[in-house]
Amino acid sequence: MARIFLALMIVACAMVACAPSSGDSGDSGSTAANESKPAGGTDEASNEEGKKLFTQYCAVCHGPDGKLGLNGAKDLTVSETTLEERIEQVTHGKNAMVPFENVLTKEQIEAVAKYTMTLKQ
Ligand code: HEC
């Protein structure tokens with residue numbers, strides 16, 4: 001008799017343990033929704049995003065620090081261009097530089113252009 005009681009206790013515990021875990025997955029769903037907000041918002045978040053994008057899309061020609069200058073790419077650490085000019089150039093390209101308007105979103109282009117401003121020494 002004691003064994004059956006024990007077995008029932010184990011089943012009951014398993015059921016109780018099940019309930020909060022489904023509550024957790026509901027929470028993590030709302031956390032993901034929160035994360036998508038600051039990505040386009042605060043400057044710190046977009047710089048982090050910009051750095052990632054730069055490494056992924058720009059470093060092949062400009063180098064991870066902006067100095068590489070492959071195929072005539074300009075040294076971004078000495079570039080005097082404004083943020084607006086950079087956004088424009090990344091969007092539409094210039095000479096050997098490829099346009100990114102079909103590769104990145106407006107927000108991503110802005111983020112990566114902002115990041116290149118921080119490379120200046
Ligand atoms: C295919 C190689 C290539 C890639 C990839 C590339 N660039 Fe360039 N970039 C160039 C070249 C070449 C130039 C010089 C264009 C010119 O003025 O003739 C340039 C120029 C620039 C300039 C202007 C600098 C100045 O002083 O005139 C900026 C800003 C820039 N690139 C940013 C970026 C960013 C941001 C990315 C990534 C989204 C990127 N580039 C990806 C080749 C590249």
Side-chain angles (χ1 to χ4, degrees):
M1 210 49 191
R3 274 190 190 179
I4 292 170
F5 181 67
L6 199 68
L8 281 174
M9 282 288 285
I10 290 166
V11 170
C13 283
M15 283 168 79
V16 169
C18 220
S21 78
S22 66
D24 281 351
S25 67
D27 279 346
S28 68
S30 67
T31 308
N34 286 341
E35 273 169 8
S36 65
K37 269 187 202 166
T42 65
D43 279 355
E44 227 171 286
S46 59
N47 260 350
E48 201 43 49
E49 167 91 347
K51 185 177 182 176
K52 227 170 61 191
L53 292 168
F54 188 84
T55 309
Q56 192 173 350
Y57 294 102
C58 321
V60 271
C61 295
H62 289 283
D65 57 0
K67 285 185 188 171
L68 184 62
L70 202 76
N71 292 325
K74 297 266 171 77
D75 184 342
L76 297 179
T77 63
V78 298
S79 174
E80 296 290 340
T81 51
T82 64
L83 180 61
E84 285 70 31
E85 286 168 330
R86 291 179 189 209
I87 291 172
E88 173 71 19
Q89 181 159 341
V90 174
T91 305
H92 301 293
K94 187 178 177 188
N95 300 322
M97 179 159 155
V98 291
F100 282 89
E101 59 185 333
N102 296 324
V103 182
L104 303 174
T105 66
K106 257 188 169 163
E107 288 75 23
Q108 287 176 316
I109 290 174
E110 213 176 296
V112 79
K114 267 186 195 163
Y115 175 72
T116 65
M117 300 302 281
T118 69
L119 295 172
K120 196 171 166 182
Q121 288 165 346

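Just so we're clear, the structure is a prediction, and the values are computed from it rather than from any experiment.
- The structure places CG of L68 at 10.5 Å from CG of L76, a figure rounded to the nearest 0.5 Å.
- Minimum interatomic distance between K114 and L83 (heavy atoms only, all atoms of both residues): N-CD1, 3.6 Å.
- Rounded to the nearest 0.5 angstrom, Q89 CD and T116 OG1 are separated by 9.5 Å.
- The residues K120 and E80 are annotated as salt-bridged, a charged nitrogen and a carboxylate oxygen being separated by less than 4.0 angstrom.
- Here M117 contributes atom CE and S79 contributes atom OG; the two are 7.5 Å apart, rounded to the nearest 0.5 Å.
- Residues F100 and V112 form no side-chain contact, since every pair of their non-hydrogen atoms from C-beta on lies 4.5 Å or further apart.
- Here the closest non-hydrogen pair linking A59 and P64 is CB-N, 3.9 Å.
- In terms of hydrophobic clustering, with Ile, Leu, Val, Met, Phe, Trp and Tyr side chains grouped at heavy-atom distances under 4.5 Å, V78 and V90 are assigned to different clusters.
- The CD atom of E110 sits 11.5 Å away from atom CD of E49, with the distance rounded to the nearest 0.5 Å.
- The only member of V103, L104, L53 that meets side chain to side chain contact (heavy atoms under 4.5 Å, CB included) when paired with I109 is L104.
- At least one side-chain heavy atom of M97 sits under 4.5 Å from a side-chain heavy atom of H62.
- The two residues A96 and N71 make their nearest non-hydrogen contact at CB-O, 3.8 Å.
- Looking only at side-chain heavy atoms (C-beta outward), K67 and Q121 come within less than 4.5 Å of each other.
- When all heavy atoms of K51 and T55 are compared, the pair lying nearest together is O-OG1, 2.8 Å.
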